[in-house]
Amino acid sequence: MINSEKIIELIGISREFEDGVLAVDNVSLYVRKGEFITFLGPSGCGKTTTLRMIAGFDKPSSGKILLNGKDISDLPPNKRPINTVFQRYALFPHLNVYENVAFGLKLKKIKVTYENAKGETIQKIEKLKKHEINQKVEKALKIVDLEGFEKRSVSTLSGGQQQRVAIARAIVNEPQILLLDEPLGALDLKMRKDMQLELKEMHRKLGITFIYVTHDQEEALTMSDTIVVMKDGIIQQIGTPTDIYNEPKNSFVADFIGDSNIFSGTMVGNKKVKFIGNNFDCVDDYPKNEKVDVVVRPEDVLLTDVENGQVKGKIISSIFKGVHYEMVMQVGKSEVVIQDTIEKKVGETVGLIIKPEDIHIMEKEFSSNKYEGYITKKNTVCFGDGEFECDVTQLYPGSILDEDGYVITSDGEKIDLTDVDVDVEVGLKDIEISDEQDIGGVMGNIISMIYKGDHYQLIVRTDENEEDFVFDTEDTWNENDRVSVIIPKDKIKLSLKQEIKR
Ligand code: ADP
Ligand code: MG
């Protein structure tokens with residue numbers, strides 16, 4: 001059972017490797033006694049490094065680790081009541097199951113207290129007795145469901161059975177904490193699913209703390225009491241599986257956990273958000289005009305007929321996934337993924353409804369303006385409802401323009417960029433505005449001006465498709481001013497949407 005007592009506490013742990021890689025960046029968290037806690041994140045996010053520091057195989061560059069309230073920074077691994085199960089479980093191939101599990105116990109020395117004939121207590125360091133080892137091994141094998149396998153050679157076991165031997169070997173020492181680093185990673189899908197349930201059962205039987213590492217979100221959601229989502233050495237969110245699934249803190253977590261629709265949206269009023277071309281009621285309150293990410297789970301998009309929908313669109317694909325259909329609906333420029341047990345056919349125009357409580361709003365980490373655009377015959381770029389001068393040679397490093405305006409690559413190839421789709425990025429510091437008409441790439445109105453301490457952040461919105469230009473300025477303007485948007489040629493960053501066929 002989990003109780004409120006903290007067994008492990010990490011306080012501001014960082015680990016910087018000698019080559020300058022900051023694998024773990026100021027991580028603070030606690031683990032409660034008896035908890036099943038999972039570190040979840042993509043490969044390279046610092047999970048193993050964190051686990052190795054808890055086990056004592058690696059030392060933090062800064063920060064403290066407490067075990068039952070005491071600093072264990074200087075305690076070597078074998079003195080910690082912690083055992084680890086790795087993905088690559090190195091069993092001894094020449095030993096049988098019993099000997100593999102008993103191996104550590106045979107080396108173990110324990111303090112024994114005796115009372116001699118005179119009634120004095122004396123302490124001796126002794127090895128475990130054979131029957132004690134027997135008992136412990138039997139108990140461990142029972143927990144991993146390998147009773148009767150004692151004499152079997154480990155090389156005759158399946159992957160799943162071998163992993164169970166590795167777990168038995170770790171729990172035979174009766175640790176307070178079991179660390180498991182992607183222990184099911186080497187197993188096939190079916191075996192992995194079975195082992196997930198069995199591990200959960202072992203956790204229940206043992207009643208000890210499990211600290212588990214995986215990059216598999218489904219595994220984390222099925223098994224854990226608590227999930228710690230990590231990215232780039234930084235904790236993104238800590239919570240129960242339900243919390244993490246239903247209330248992701250940012251778009252990284254939302255994207256990583258389960259299938260999600262993530263739309264760019266704008267707050268248009270009190271608990272009202274605009275995305276996919278419609279104003280929806282929602283339950284989160286953010287300032288008006290704030291740019292937000294909107295997360296909607298595919299199972300929360302409800303399909304209806306066109307008249308009753310909040311938004312209409314066309315079904316462009318549908319795949320049967322066993323229980324439900326996964327359909328994609330085109331709504332304007334956006335695609336909405338929908339899961340439903342009733343299929344709408346490809347080509348059908350339908351309506352959709354999303355309930356306020358199923359719309360999850362997250363603060364956008366806004367660092368630049370991003371648009372989709374295309375190159376014109378004149379080597380300008382159209383995006384954000386306007387047309388801007390740009391440098392198309394950046395699309396091919398080392399290229400030049402010939403006198404007819406074609407790009408000549410460094411290999412001497414001639415490329416026609418007319419109508420080629422590009423991604424356009426413009427930084428927050430790279431946009432200027434002027435109240436002179438039509439001297440920039442597009443005209444718009446200032447719809448928001450937020451003071452950010454030493455500058456203003458402005459949003460200029462165009463008329464036609466309501467495209468937004470967000471930028472920082474030290475000048476003061478007024479809301480509703482009508483302005484031209486000017487972007488210096490060298491500040492427009494272009495990248496090809498796809499490699500063009502030559
Ligand atoms: P995860 O287990 O989440 O995949 P790791 O903790 O293994 O991630 O690694 C985190 C980062 O630290 C990675 O960028 C990895 O390349 C780097 N790293 C891990 N171990 C070392 C090491 N001994 N020396 C240098 N860099 C390392
Ligand atoms: Mg790892």
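We're numbering straight along the sequence, starting at 1. Both ligands and their constituent atoms are indexed starting at 1 by order of listing.
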Does any N, O or S atom in Thr48 come within less than 2.8 Å of the Mg ion (ligand 2)? yes

Starting from [atom], locate the nearest protein heavy atom and write down its residue, its atom name and how far away it is, to 0.1 Å.
| atom | value |
| --- | --- |
| atom 1 (P) of ligand 1 | Gly44 N, 3.4 Å |
| atom 8 (O) of ligand 1 | Gly46 N, 3.2 Å |
| atom 12 (O) of ligand 1 | Ala23 CB, 3.2 Å |

Atoms in ligand 1 with a heavy atom of [X] nearer than 4.0 Å:
| X | value |
| --- | --- |
| Val21 | 12 (O), 14 (O), 17 (C) |
| Thr49 | 5 (P), 6 (O), 9 (O) |
| Cys45 | 1 (P), 3 (O), 8 (O) |
| Thr48 | 1 (P), 2 (O), 6 (O), 7 (O) |

For the backbone of [Y] and the side chain of [X], can you confirm whether one donor and one acceptor N or O come within less than 3.5 Å of each other?
| X | Y | value |
| --- | --- | --- |
| Arg15 | Gly46 | no |
| Glu219 | Asp216 | no |
| Asp225 | Phe36 | yes |
| Glu132 | Lys129 | yes |

Below the 3.5 angstrom mark, is there an N/O of Phe17, backbone or side chain, next to an N/O of ligand 1? no

In terms of heavy-atom contacts, does NE2 of His215 have more than 12 from other residues, nucleotides or ligands at under 6.0 Å?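 Open: at most 12 neighbouring heavy atoms sit under 6.0 Å from NE2 of His215.
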
Heavy-atom distances under 4.0 Å decide this one: backbone, side chain, both or neither, for Asp19 against ligand 1?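 Under 4.0 Å from ligand 1, Asp19 contributes side-chain atoms alone.
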
Under a 3.5 Å cutoff, is there a donor and acceptor pairing between the side chains of Glu16 and Ser61?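 Checked: Glu16/Ser61 side chains show no N/O donor-acceptor pair below 3.5 Å.
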
Asp71 and Ser73 side chains, donor-acceptor separation under 3.5 Å: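 Indeed, the side chains of Ser73 and Asp71 share at least one donor-acceptor pair under 3.5 Å.
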
Shortest non-hydrogen contact from Arg80 toward Ile72: NH2-O, 2.8 Å

Atom 15 (C) of ligand 1 within contact range, any protein heavy atom under 4.0 Å: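 Given the 4.0 Å cut-off, atom 15 (C) of ligand 1 does not count as touching protein heavy atoms.
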
Protein heavy atom under 4.0 Å of atom 6 (O) of ligand 1: yes

Taking only Lys NZ, Arg NE, NH1 and NH2, and the carboxylate oxygens of Asp or Glu, determine whether Arg192 and Glu218 approach each other closer than 4.0 Å. no

Is the closest heavy-atom distance from Gly41 to ligand 1 below 4.0 Å?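 The answer is no: ligand 1 sits nowhere under 4.0 Å from a heavy atom of Gly41.
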
